[in-house]
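Working notes, beginning with the structure itself.
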Amino acid sequence: MYGKVLLAGAAGGCAVEAMQLVAVVSADNVFHNPRGKQDAVNSTRAKFVHPEGDQLTLLGVMQAYLQVERRRRTEWASDNFINVRALRKAQDIYAQLEGHLSALGLPIKSCGSDPVPVQRALVSGLFPH
């Protein structure tokens, strides 16, 4: 299923986002829920919530993490109640996927902040026709 998402993402010009999304959903839960801090967790998590759904929320978390300076990522994750180990694993998975897509000669392009190509790749890959 995720293979089809990756192929559709490459065909739709959003291979980077498709790989990031597949990587983050293949890793452990990225959200950390410490006891007794639910109000802080909810207010912090609200800045990541995407109105189009959970997949785009997870993609947004991954992209936000990658924009943080490498030496500050652990601190950023802690401040945002994010599981840094899960995102590190997602980075490793992304690197593997990028190698596979490159080996297949597929274009590794980004669609930027436009969610439509990513949504099309998800629909194409996750819903049987």
Side-chain angles (χ1 to χ4, degrees):
M1 284 193 349
Y2 289 128
K4 204 168 176 188
V5 171
L6 295 171
L7 293 174
C14 65
V16 169
E17 290 78 11
M19 289 186 297
Q20 288 173 340
L21 183 56
V22 169
V24 78
V25 299
S26 298
D28 295 330
N29 184 6
V30 298
F31 295 113
H32 176 61
N33 296 307
R35 294 178 195 244
K37 295 187 177 184
Q38 199 57 46
D39 290 338
V41 168
N42 290 340
S43 64
T44 302
R45 192 167 297 160
K47 66 183 173 186
F48 295 111
V49 174
H50 194 286
E52 298 293 331
D54 292 344
Q55 290 87 2
L56 294 179
T57 295
L58 291 171
L59 178 61
V61 170
M62 178 75 169
Q63 290 175 338
Y65 172 77
L66 294 173
Q67 290 177 358
V68 174
E69 187 179 350
R70 188 177 301 266
R71 63 184 174 96
R72 292 198 60 246
R73 288 180 178 169
T74 300
E75 176 187 354
W76 176 88
S78 178
D79 291 346
N80 289 286
F81 304 103
I82 302 293
N83 181 349
V84 72
R85 287 184 194 162
L87 290 178
R88 287 180 184 149
K89 184 175 181 177
Q91 275 187 286
D92 291 342
I93 294 168
Y94 175 88
Q96 292 172 25
L97 294 172
E98 186 176 30
H100 293 310
L101 264 62
S102 293
L104 292 171
L106 296 172
I108 309 293
K109 295 182 181 175
S110 173
C111 57
S113 61
D114 183 8
V116 174
V118 178
Q119 290 169 318
R120 285 185 180 142
L122 283 169
V123 170
S124 175
L126 297 180
F127 295 98
H129 299 297

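If you take CD1 on I108 and CG on L97, they are separated by 9.5 Å, rounding to the nearest 0.5 Å. For the atom pair CD of E75 and CZ of R72, the computed distance is 4.5 Å after rounding to the nearest 0.5 Å. Rounding to the nearest 0.5 Å places SG of C14 at 8.5 Å from CG of L122. Note that CG of L87 is 14.5 Å distant from OH of Y94, once rounded to the nearest 0.5 Å. Atom CD of Q91 is separated from atom CE of M62 by 5.5 Å, given to the nearest 0.5 angstrom.
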Inset, instruction - Walk me through it: do L126 and K4 pass the test side chain to side chain contact (heavy atoms under 4.5 Å, CB included)? - result: CA-CA 8 Å; L126 297 180; K4 204 168 176 188; over 6 Å; no
Does Q63 form a side chain to side chain contact (heavy atoms under 4.5 Å, CB included) with E17? I'd like the steps, not just the answer. CA-CA 9 Å; Q63 290 175 338; E17 290 78 11; 3.6 Å; yes
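Under a cut-off of 6.0 angstrom, the local environment of CG in N29 is crowded, with over 12 non-hydrogen atoms contributed by other residues, nucleotides or ligands.
Under the 3.5 Å distance criterion, the side-chain polar atoms of S102 are matched with a main-chain donor or acceptor of E98. In terms of modelled atom types and a separation under 3.5 Å, the side chain of T44 and the main chain of V41 share no donor-acceptor contact. Within the 3.5 Å criterion, the main-chain N or O of R120 finds no donor-acceptor partner in the side chain of S124. At distances below 3.5 Å, at least one donor-acceptor pair connects side-chain atoms of T57 with backbone N or O atoms of H50.
Nearest heavy-atom pair, C111 versus V118, reported as atom, atom and distance to 0.1 Å: SG-CG2, 3.8 Å. Nearest heavy atoms, A121 versus A8: CA-CB, 3.8 Å. Between A15 and L101, the closest heavy-atom pair is CB-CD2, 4.2 Å. Considering all non-hydrogen atoms of both residues, I93 and S26 come closest at CD1-CB, 3.9 Å. Between G12 and P117 the shortest heavy-atom distance is O-CB, 3.9 Å.
Seen from the ring of Y65, R73 counts as a face-on cation partner, given the 6.0 Å and 45° thresholds.
Counting only N and O atoms by type, the side chains of D92 and Q96 include no donor and acceptor under 3.5 Å apart. No side-chain donor from either of R88 and N83 sits under 3.5 Å from a side-chain acceptor of the other.
Note on F81: it does not cluster hydrophobically with V24, by side-chain heavy-atom contacts below 4.5 Å among ILVMFWY residues. Linking ILVMFWY residues whenever their side-chain heavy atoms come closer than 4.5 Å, directly or via other members, places L58 and V68 in the same cluster. Taken together through direct or relayed side-chain contacts under 4.5 Å among Ile, Leu, Val, Met, Phe, Trp and Tyr, V22 and V123 form part of one hydrophobic cluster. Neither V116 nor M19 shares a network with the other; the hydrophobic side chains, linked directly or stepwise wherever heavy atoms of I, L, V, M, F, W or Y lie under 4.5 Å apart, form separate groups for each. In this structure, V49 is not a member of the same hydrophobic cluster as L21, with clusters built from ILVMFWY side-chain heavy atoms closer than 4.5 Å.
Here the side chains of L6 and H100 are not in contact, with every heavy-atom distance at 4.5 Å or above.
Taking the six-membered ring where the residue is Trp, F48 and W76 present perpendicular rings, their angle passing 60° and hence far from 30°.
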